[in-house]
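Hydrogens, waters and symmetry mates are skipped; everything else that's a heavy atom, side chains included, is used. Each chain gets a letter, A, B and so on, in the order its sequence line appears, and its residues count up from 1.
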2 protein chains.
Amino acid sequence: MAKQNTVFKDAFNRCLKLLAETSSLPSEPELGATLGVSRTTIRAILTRMEELQLLTWDKRAKVVLRQPKPEDYYPAEETDSLSDIIERSFMRRILAGGAEPGMQINELELARDIGTGTTSVREFLIRFSRFGLIEKRPNSHWILKGFTREFALELTEVREMFELRSAASFAALAPEHPAWADLDRIEALHHEILGDIDNRYKEFSELDERFHLLVHTSSSNRFIVDFYDIITIVFHYHYQWNKTNARERNARALEEHLDYIAALRSRDPARVEAACRRHLKSARETLLQSIQ
Amino acid sequence: MAKQNTVFKDAFNRCLKLLAETSSLPSEPELGATLGVSRTTIRAILTRMEELQLLTWDKRAKVVLRQPKPEDYYPAEETDSLSDIIERSFMRRILAGGAEPGMQINELELARDIGTGTTSVREFLIRFSRFGLIEKRPNSHWILKGFTREFALELTEVREMFELRSAASFAALAPEHPAWADLDRIEALHHEILGDIDNRYKEFSELDERFHLLVHTSSSNRFIVDFYDIITIVFHYHYQWNKTNARERNARALEEHLDYIAALRSRDPARVEAACRRHLKSARETLLQSIQ
DNA sequence: TTTTTGTCTTTTATCCACAATAGACAGTTT
DNA sequence: AAACTGTCTATTGTGGATAAAAGACAAAAA
């Protein structure tokens, strides 16, 4: 097959949820805007819905006939884009499987393993190479540089440089800048999660990403913001892998965040720097600890 | 054709130069190591040389029959790898041609224009995207973000952060570290070029890259070193494009480098920082000036 | 006039095929 | 024994084909 229709399937599933809430659907362009797909895809969705007798569709009239049933949805594993699948397989191999630094990575073998063509694997590896974990030998294989202590130290060194600078710009933002409102919402979520930490500590990872990304964004520097992708992917897979003491670690990080947020609000550069450094230091220690 | 044999042609040309200097060639593995290619390619080269009656080849005996003539060489344009060709075409389009920020980039059109397949163009764009000049809309086109003033400012901001830190580490290197010897050679070249600036000012660009890369390398941080690629490519194409006052600009930069080098030698952090800042400031001004 | 729909074209994502290149291994030479 | 060559296999780089998805444009409806 030339192209997976995951965009269609995913949009179809999301459209089913919309359908559950109304008795008729809006115009094709409007649906497209809502679901973030083109009209071509919308029309394919409507056609499929008609087939399933979920609605009648005649030009503008889209009348809902019945509520969607669980079997109307496409299974979740069919809605993941190929690049997501490749990313997950690859990260599992290099993080979980005993992947030694220096190991060779073979495009063909990886592709066979995942059950996909080589082109997609190749493109993934090229994209992934900017994270500094693999390196290409032209006309030959890739080399795994490995998720080592050095990697973590180099990553955190740059992260700290960037975040200190971003935090300083954040504190200097005009009071009417929308970032302050985002910060309010994020702070409120911190309190919520801390209030029910035993049950909700797992939500930290996502909140952490949101918070730090907000800080980095205020640098208004594409290189700084883009770099945060590396942090995100490393921490994302890392949290999945290393779960020891997650509750305590997250509770502590939440407290540090609150301190950091208060410092940002004070707009006092020295205080911002101190709070930021304190949090980054403990984030680095957590990461290093989990490496060996 | 499935794959261009540019590796063969380029290695063949380089092997001709080796051949001009001796009466017989070394073993296949040794030749391979010298030219940086596999034995398969070496054997293809030897076969071709036999065909051209440049040598007789029987197992270990490779006797040179005659000196290579100019027509024995493959033309230079056939030895460039496809990705280099694509890079050049692309940079010409976006730097020289009236490429407005926000413009759409079309893989198919670009491929037709360059006379190549879409796969190669696509892979180039993915690799190139880390330079922050283009951005992908999934399932759709790329957007040119443009070589704008903001781009230059964001680039130099990060560059300055990284270089200040690298310069500080450089000054702290042990005296026996090989980087000091590299620095000596680079400094000597500075004096040579300055001594004949009217004729040799064009050599600055390459020397500049070598010097700054040496400094960045001493950070021992892959992200900092990798980032220097972006600087390199931007300045590389930029110098080709903007040549006004090149002689004066380069002379001034060479003087600043010498000052910077002396500061590194002094190992005095304050002096290093001052010299580094001074040079980076003028480098930034030069870049910004040439943008509009 | 503005938005929507029907229809059609273009482009992207992906697989596959094949030449170029790398690399493995056994036998041969020094 | 160590290095080299002959031969063979495996992998990479690249063009081409095709379904999915985007998007252009005119006709139709509000």
Side-chain angles (χ1 to χ4, degrees), chain A residues 1-11 26-32 35-46 57-62 81-83 85-86 104-112 115-126 136-142, chain B residues 1-11 26-33 35-46 57-62 81-83 85-86 104-112 114-126 136-142:
Chain A
M1 40 209 127
K3 198 175 182 175
Q4 313 282 113
N5 56 351
T6 54
V7 171
F8 161 73
K9 286 177 177 171
D10 179 59
S27 75
E28 296 171 17
E30 200 182 322
L31 261 179
L35 297 173
V37 295
S38 74
R39 263 188 66 218
T40 307
T41 304
I42 292 297
R43 290 171 70 87
I45 291 172
L46 292 172
W57 172 36
D58 181 48
K59 298 184 180 171
R60 281 149 219 248
K62 307 177 189 77
S81 84
L82 185 51
S83 44
I85 294 172
I86 296 177
Q104 296 182 6
I105 299 167
N106 187 311
E107 293 175 5
L108 197 58
E109 186 191 326
L110 206 55
R112 277 191 296 242
T116 178
T118 47
T119 314
S120 316
V121 168
R122 203 177 152 77
E123 287 182 3
F124 166 77
L125 291 171
I126 295 172
K136 176 124 192 79
R137 294 291 139 91
N139 288 306
S140 184
H141 49 257
W142 294 80
Chain B
M1 39 210 125
K3 198 176 180 175
Q4 313 282 116
N5 55 352
T6 55
V7 171
F8 161 74
K9 286 177 177 171
D10 180 58
S27 75
E28 296 171 18
E30 200 182 323
L31 261 179
L35 297 173
V37 295
S38 74
R39 260 188 68 218
T40 307
T41 304
I42 292 297
R43 288 171 70 85
I45 291 171
L46 292 173
W57 172 36
D58 180 48
K59 301 183 179 173
R60 280 151 219 242
K62 305 176 191 78
S81 84
L82 185 51
S83 44
I85 295 173
I86 296 177
Q104 295 183 7
I105 298 167
N106 187 310
E107 294 175 4
L108 198 58
E109 186 190 327
L110 207 55
R112 276 192 297 243
I114 304 176
T116 180
T118 47
T119 313
S120 317
V121 167
R122 204 176 151 77
E123 287 182 3
F124 165 77
L125 291 171
I126 295 173
K136 175 123 192 81
R137 293 292 140 89
N139 288 307
S140 182
H141 50 257
W142 293 80

Please write out each protein N/O paired with an N/O of nucleotides 28-30 of chain D under 3.5 Å, distance rounded to 0.1 Å.
none

Under 4.0 angstrom, heavy atoms only, what part of the nucleic acid is [X] near: base, sugar-phosphate, or nothing?
X	result
B:Ser140	sugar-phosphate
B:Lys136	sugar-phosphate
A:Gln4	sugar-phosphate
B:Lys62	sugar-phosphate
B:Thr119	base
A:Arg112	sugar-phosphate
A:Thr116	sugar-phosphate
A:Ser120	sugar-phosphate
A:Thr6	sugar-phosphate

Range on DNA chain C touched by chain A - first to last nucleotide, heavy-atom distance under 4.0 Å: C:dT4 to C:dG23
Upstream residue (5' side of DNA chain C) when A:Ser83 and A:Glu28 are each assigned their closest nucleotide: A:Glu28
Bend angle of the helix from C:dT1-D:dA30 to C:dT30-D:dA1, end axes from five pairs each (to 10°): 40°
